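These numbers were taken from a predicted model, which means no experiment stands behind them.
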Amino acid sequence: MPIIEKRAGVRGVEANLRDYAATVASFSWSAARAELDGLPGGGLNIAHEAVDRHARGPRAATVALRCLGRTSAGGATRELTYAELSVQSNRFANALRTLGVGKGDTVFALTPRVPELYVAALGTWKALALFCPLFSAFGPEPIETRMRLGAARVLVTTATLYARKVAPLRAKLPALQAVLLIDAPAGAATEAGVHSLPDLLARASPDYVVPSTSADDPALLHFTSGTTGTPKGAVHVHGAVLEHHVTGKLALDLRAGDVFWCTADPGWVTGTSYGIIAPLTNGVTSIVDEEDFDAARWYSTLEAQRVNVWYTAPTAIRMLIKAGPELAHRYRFPALRFAASVGEPLHAEAVIWGHEVLGVPFHDNWWQTETGGIMIANYASMDIKPGSMGKPIPGIVAAIVHQRADGEVETVDAPDTVGELALKPGWPSMFRAYLGQDERYRKCFRSGWYLSGDLARRDADGYYWFVGRADDVIKSAGHLIGPFEVESALLEHPAVAEAGVIGKPDPTVLEVVKAFVSLRAGYEPSEALNRELVAHARRRLGPAVAPREIQFLPSLPKTRSGKIMRRLLKARELGLAEGDLSMLEPEPAAAPR
């Protein structure tokens with residue numbers, strides 16, 4: 001793939017990070033901390049840095065949130081300035097106080113992407129309670145599991161979601177003392193412990209003094225699914241706001257006055273770290289769209305809202321590609337300066353497509369729920385090697401490591417050597433615990449490194465390349481095969497919209513490569529196309545790496561954050577237990593093709 005050269009930034013705008021090597025050499029987290037206000041006594045509170053410091057300064061009247069409503073509900077746009085968001089979150093914090101909720105209590109949110117969700121998050125952080133957002137599309141079982149594990153004290157939700165999904169669970173949630181309905185008028189909620197949030201906010205004081213907050217005070221709880229067993233609850237602290245602010249500025253190139261659109265739901269960590277915190281600390285106007293994905297609506301939003309910086313997921317990009325360039329060409333995006341992607345590795349073809357069709361390439365970056373913020377990125381001023389994750393964030397020390405016979409790990413310096421991607425602990429947004437699973441947390445750290453569980457390689461220029469999850473790697477006839485490499489080759493074929501690759505047990509070579517493929521519009525499954533795809537992969541990868549089998553599916557199973565669930569493909573192929581499916585995106589009802 002050709003390198004995309006962008007030495008001056010994007011579309012002639014000089015990047016925030018202008019010289020990567022110089023910035024890395026001079027960067028320190030303590031110096032970056034000076035960009036934030038801090039609280040009296042030196043503490044850090046996410047909500048203060050995100051809204052209150054702007055509300056008391058020249059950005060008070062700047063629109064912080066521009067929320068686009070569902071078409072079915074009238075499509076009204078609701079806006080909150082930084083000053084208004086500060087007041088509303090003050091009221092929410094005071095409402096929690098009247099309910100006896102305070103430091104260490106957990107507030108869950110189960111709502112669509114509406115202003116009340118963002119007010120609840122900020123108000124919870126002001127009250128020093130722990131905020132945990134859930135996808136509103138969750139069914140009762142994953143809701144009950146997470147609220148029980150997180151000892152939910154308060155739930156913010158809608159009347160419909162409560163009646164349908166939560167009310168039947170109340171007996172299983174003994175810690176839940178208050179339910180705040182965002183759409184219930186005063187006096188409408190008659191059940192014990194159920195309140196009208198508009199009524200509570202109207203009666204609460206608009207003034208609130210954020211109490212002393214340590215950077216190590218818990219602030220966020222995000223659940224991430226494991227291969228088996230219950231979801232893991234990753235705990236993050238108020239000090240993470242420093243990482244969110246810095247990475248929003250350097251990795252996403254945010255600057256005050258920008259219009260920014262992060263398409264992620266806050267139920268996914270990206271939707272909180274970069275849909276709430278980072279854009280607000282950087283003083284931008286955030287677009288929040290309550291509607292589900294629709295290609296034409298998305299293009300219209302980019303054009304009409306004059307979005308400058310756009311952060312989305314590979315799944316969405318693949319869906320836009322599948323819709324065809326003709327649809328994209330009906331719209332114009334002269335304001336769009338920077339586009340980025342996260343959720344799973346971004347295939348090179350998607351990077352090139354953005355460059356050719358939208359006028360800006362997608363900048364892939366890498367991080368995890370556990371890291372809390374972006375760790376490796378392609379920057380606005382840096383040449384892109386399509387398919388690469390980029391280079392580490394200034395202040396982040398990354399390495400490729402191998403495990404020794406004694407169980408410890410050692411770094412690997414030789415370029416293009418595959419190993420586990422590891423990070424030096426201590427960055428501000430590093431998770432501090434798996435809730436109630438201390439031993440599981442300790443196993444993430446070894447020999448002074450955080451072990452990500454992802455396999456990668458680093459090339460001679462310092463760019464990192466994703467290979468696969470450590471438990472996804474396919475061992476075939478002495479070869480170690482990364483599924484991402486095979487998927488990338490298949491996606492280069494014009495018929496392929498999505499690809500997922502697994503290792504299938506084989507008595508002769510240990511495992512053979514099997515690919516699951518969904519097709520773009522205009523293509524139909526056939527034996528001829530199957531043979532054509534196998535031949536294409538063999539030309540690109542060689543016979544040892546190319547798939548031996550290809551199965552067509554109407555779509556591939558994905559998490560709600562857009563990651564193709566290879567372990568679920570493998571479980572279904574082999575008839576194994578499917579494990580935790582709570583983060584699974586609903587699949588079409590059609591039978592496999």
Side-chain angles (χ1 to χ4, degrees), residues 1-13 15 252-253 258-264 287 289 291-365 377-390 487-499 517-523 536 540 555 558 562 564:
M1 286 290 174
I3 292 176
I4 299 175
E5 296 185 356
K6 304 186 296 73
R7 299 187 188 283
V10 179
R11 287 189 168 171
V13 178
L252 299 182
D253 203 46
D258 274 345
V259 177
F260 172 65
W261 186 19
C262 173
T263 64
I287 302 299
D289 189 9
E291 195 69 82
D292 295 329
F293 174 86
D294 176 81
R297 180 181 175 96
W298 276 35
Y299 286 136
S300 177
T301 299
L302 288 169
E303 179 182 70
Q305 299 299 331
R306 296 188 61 79
V307 173
N308 304 116
V309 179
W310 181 31
Y311 197 24
T312 191
T315 296
I317 297 169
R318 289 194 296 267
M319 293 169 73
L320 292 174
I321 294 173
K322 196 171 185 177
E326 299 80 12
L327 179 61
H329 290 156
R330 297 178 194 170
Y331 302 86
R332 296 291 179 267
F333 319 107
L336 187 60
R337 184 181 77 246
F338 190 82
S341 169
V342 74
E344 60 175 320
L346 189 65
H347 298 280
E349 291 299 317
V351 179
I352 301 297
W353 181 88
H355 184 58
E356 294 177 347
V357 176
L358 303 180
V360 292
F362 285 101
H363 298 70
D364 195 15
N365 53 62
N378 286 278
Y379 306 90
S381 61
M382 192 172 81
D383 294 346
I384 296 177
K385 294 185 179 184
S388 168
M389 300 185 292
E487 292 162 0
S488 296
L490 289 168
L491 282 166
E492 293 174 11
H493 192 282
V496 178
E498 294 181 320
V517 165
S518 68
L519 300 177
R520 295 191 188 189
Y523 292 89
H536 166 78
R540 287 283 291 106
S555 66
K558 294 179 285 292
I564 291 173

Residue set satisfying side-chain hydrogen bond (donor to acceptor under 3.5 Å, both in side chains) with S388, at least two apart, ordered chain then number -> none
Here the gap from S341 atom OG to H347 atom NE2, rounded to the nearest 0.5 Å, amounts to 10.0 Å
Measure the shortest side-chain to side-chain distance between Q305 and W261 over non-hydrogen atoms and say whether it is less than 4.5 angstrom. no
Any idea which heavy atoms bring N378 and F338 closest together, and the distance? O-CZ, 3.9 Å
Note: L491 and A497 closest approach over all heavy atoms is CD2-O, 3.4 Å
Residues in side chain to side chain contact (heavy atoms under 4.5 Å, CB included) with A377, at least two apart? A251, N365, I374, Y379, I393
Verdict with reasoning, L358 to W310, per side-chain contact (heavy atoms from CB on, under 4.5 Å): CA-CA 12 Å; L358 303 180; W310 181 31; 3.8 Å; yes
Residue pair I564 / A499: nearest heavy atoms and the distance that separates them: CD1-O, 3.4 Å
So, the side chain of H536 versus the backbone of A489: is there a donor-acceptor pair under 3.5 Å, distance only? yes
T301: which residues meet the side-chain hydrogen bond (donor to acceptor under 3.5 Å, both in side chains) condition with it, sequence neighbours left out? none
Nearest-0.5 Å distance, CE of residue M319 to CZ of residue F293: 4.5 Å
Non-hydrogen side-chain atoms of F362 and P314 separated by less than 4.5 Å: no
Which pair of heavy atoms, one from R306 and one from P334, lies closest together, and at what distance? NH1-CG, 4.1 Å
Is a side-chain N or O of H493 found less than 3.5 angstrom from the main chain of A495, in a donor-acceptor match? yes
Residue list, salt bridge (Lys or Arg N to Asp or Glu O under 4.0 Å) with D253, at least two apart or on another chain: R255, R337
Report the residues that fulfil ring pair (Phe, Tyr, Trp, His ring centres under 6.0 Å) with H355, sequence neighbours left out, ordered by chain and then residue number. none
Whether the side chain of N308 engages the backbone of V259 through a donor-acceptor N/O pair (distance < 3.5 Å, no angle test) should be reported. yes
Does T263 reach the side chain of W298, with side-chain heavy atoms less than 4.5 Å apart? yes
Which residues satisfy the salt bridge (Lys or Arg N to Asp or Glu O under 4.0 Å) test with E498, sequence neighbours excluded? R318, K558
Partners passing side chain to side chain contact (heavy atoms under 4.5 Å, CB included) against P325 (at least two apart in sequence or in another chain): H329, V357
Quick one: does any side-chain atom of R520 pair with a main-chain N or O of V496 as donor and acceptor, under 3.5 Å? yes
Of all residues at least two apart in sequence or in a different chain, which pass the side chain to side chain contact (heavy atoms under 4.5 Å, CB included) check with A296? D294, L327, Y331
F260: partners by ring pair (Phe, Tyr, Trp, His ring centres under 6.0 Å), with sequence neighbours left out: none
By salt bridge (Lys or Arg N to Asp or Glu O under 4.0 Å) - contacts of R297 (at least two apart): D289
For S518 and S555, the nearest pair of non-hydrogen atoms, with its separation, is CB-CA, 4.0 Å
Hey, does T312 have a side-chain heavy atom less than 4.5 Å from the side chain of I317? yes
